[in-house]
Amino acid sequence: MPPDFDMVLFGATGDLSMRKLLPALYQAHAAGELHPDGRIIALGRSDLDTAGFVAKTDAEAKIHIKTAFDEAQWAAFTRRIVYLRLDITRRADFDALAQTVQRRQAASVVVYLSTAPEFFADACANLAAVGLNTPQVRIVLEKPLGTDLSSARAISEAVGRHFGENQIYRIDHYLGKESLQNLLPLRFGNTVFEPLWNRDYVRSVEITAAETLGVEERGGFYDGAGALRDMLQNHIMQMLCYTAMEAPAAADAQGIHAAKLALLQSLKPMSRDDAAAGSVRGQYAAQGSLKGYRQESKVPPESRTETFAALRLEIDNPRWAGVPFYLRTGKRMAERSARIVLNFKAAAGAFGGSANRLLISLQPQETVSLSLQVKAPGSSKTTAAEMTLDLAQAAAGRRADAYELLLREVIAGRQELFVRRDEAETVWAWLEPLLQNWAADSVPLYDYPAGSWGPQAADELPARDGNRWSEAA
Ligand code: BG6
């Protein structure tokens with residue numbers, strides 16, 4: 001029997017709730033993975049009752065369900081929902097919430113703060129004031145969790161006044177992707193990889209998360225964030241952790257967090273000069289029928305916010321010293337693709353040709369491909385061939401989507417797929433010289449045509465080391 005829960009959803013009428021959280025909870029419900037008594041206590045400022053909120057989910061959440069839809073299952077799912085009108089800043093509004101939660105005494109109470117972070121302090125203080133900070137309560141924090149080290153710390157401190165770190169779940173939905181989690185078994189469960197996964201055999205590593213979409217309707221939020229804060233500080237750095245960390249002492253939260261932290265603490269510090277030389281930022285410009293970023297709705301026409309960020313870094317530890325890591329992310333790029341590429345050193349001698357490359361694709365396909373040298377027929381020369389493993393076909397079983405998987409982990413009280421405070425702060429501290437340089441406009445902001453691989457200047461990052469991005473290799 002799955003564990004019992006009550007899920008308290010702040011910001012329940014918002015975009016994330018309708019597009020991701022409620023559909024994910026439905027999918028888990030339909031798969032029989034939610035305790036039958038588990039409730040969803042939806043909170044919002046809209047003047048609705050439960051029936052009104054359910055009608056809203058019918059119109060706005062249902063369309064985002066990714067698995068087969070079943071009307072009877074949906075009806076049963078919506079019976080879990082209770083809607084309460086609540087203004088986060090009004091302490092008195094929390095009494096009804098406390099009564100609703102305490103009436104049932106569920107084994108775990110998951111509080112999901114799907115609101116802007118400026119409301120976190122009031123939400124936590126008011127929850128504590130009505131006794132909703134007992135050890136059964138877990139609090140899920142949705143990004144953006146700060147814009148730099150000091151604001152990230154301020155958020156953790158405000159929440160930490162009322163909840164212990166073991167009750168706090170900082171969500172990064174990339175950690176809910178099966179293909180990302182697969183990196184650890186791939187690396188440490190296969191003796192054919194681990195001995196080669198280091199500076200002796202690896203020439204360079206690329207991590208890319210590219211999107212074809214623009215900022216859509218999120219211009220208002222995005223313009224205050226940009227690619228570095230929206231994707232690189234969190235999703236890409238988590239991809240880096242899983243790619244480069246040492247084997248965890250145990251495959252549990254403590255072991256994994258310790259290994260990630262050790263890796264992040266080994267990032268070679270950047271001076272402001274390194275940050276300028278080793279980073280590229282860009283903004284998409286109009287191309288054909290596609291608008292440029294500065295023409296998007298809610299984006300100021302003079303905006304200097306980057307929609308593309310690329311970075312070269314090194315890791316100062318025995319495994320990786322001297323190996324360049326190239327990271328990049330962008331909107332309105334040539335294709336939607338999240339991938340990790342290890343470029344191995346080329347073999348010497350008569351049979352050496354192009355070097356082996358291991359490409360781990362997180363999306364759109366979940367695949368692992370290894371390029372190998374094979375003999376070209378009718379010739380003594382070698383040629384490169386790809387050996388590809390489709391992860392979805394290789395391992396039978398239902399692949400839950402990222403939010404669904406992470407929500408189940410919080411309900412079960414498992415923290416390994418969440419970001420611990422010290423990890424997040426180590427990344428922010430390391431990024432500080434770059435943030436300062438970009439804020440001071442010491443790095444050019446290039447235009448790039450929508451639908452491209454970003455500004456040309458980004459090609460120079462690997463080119464300076466004699467390398468190329470994978471699509472050009
Ligand atoms: C979110 C960002 O965290 O991740 C969005 O805020 C981005 O801007 C999204 O589009 C990408 O997620 P995925 O899973 O589609 O790669």
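One-based numbering, in listed order, for ligands and for the atoms of each. The basis for the numbers below is simple: all heavy atoms, side chains too, and nothing from hydrogens, waters or symmetry mates.
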The salt bridge (Lys or Arg N to Asp or Glu O under 4.0 Å) partner of R328 among E211, E206, E306 is E206

With a heavy-atom distance limit of 4.0 Å, tell me whether K20 approaches ligand 1 through its side chain, its backbone, both, or neither. neither

Would E425 and R153 pass as an ion pair if we require N to O under 4.0 Å? yes

Ligand-side contact atoms (ligand 1) for residue partner H235, heavy atom cut-off under 4.0 Å: 1 (C), 3 (O), 4 (O)

R339/E471 salt bridge by N-O under 4.0 Å criterion: yes

What are the atoms of ligand 1, with element, lying closer than 4.0 Å to any heavy atom of E211? 7 (C), 10 (O), 11 (C)

Within 4.0 Å of some non-hydrogen atom of K143, the atoms of ligand 1 are 1 (C), 2 (C), 3 (O), 6 (O)

Can you check whether A355's main-chain N or O pairs, donor with acceptor, with R203's side chain at less than 3.5 Å? no

When you measure from atom 4 (O) of ligand 1 to each heavy atom in R229, H173, E216, which option holds the nearest one? H173

Would K331 count as being in polar contact with ligand 1, using the rule that some N or O on each side must be under 3.5 angstrom apart? yes

Between L362, D172, D230, which one has a non-hydrogen atom sitting closest to atom 2 (C) of ligand 1? D230

Run the side chain to side chain contact (heavy atoms under 4.5 Å, CB included) check on R312 and F325 step by step: do they pass? CA-CA 6 Å; R312 178 194 187 281; F325 283 71; over 6 Å; no

Sub-4.0 Å atoms of ligand 1 with respect to non-hydrogen atoms of R336: 15 (O)

Aromatic ring proximity, centroids under 6.0 angstrom, Y26 and F69: yes

What atoms of ligand 1 come closer than 4.0 angstrom to any heavy atom of M231? 4 (O), 7 (C)

Would you say the ring centers of Y448 and F308 fall short of 6.0 Å from each other? yes

What part of Y174, side chain, backbone, both or neither, has a heavy atom within less than 4.0 angstrom of ligand 1? side chain

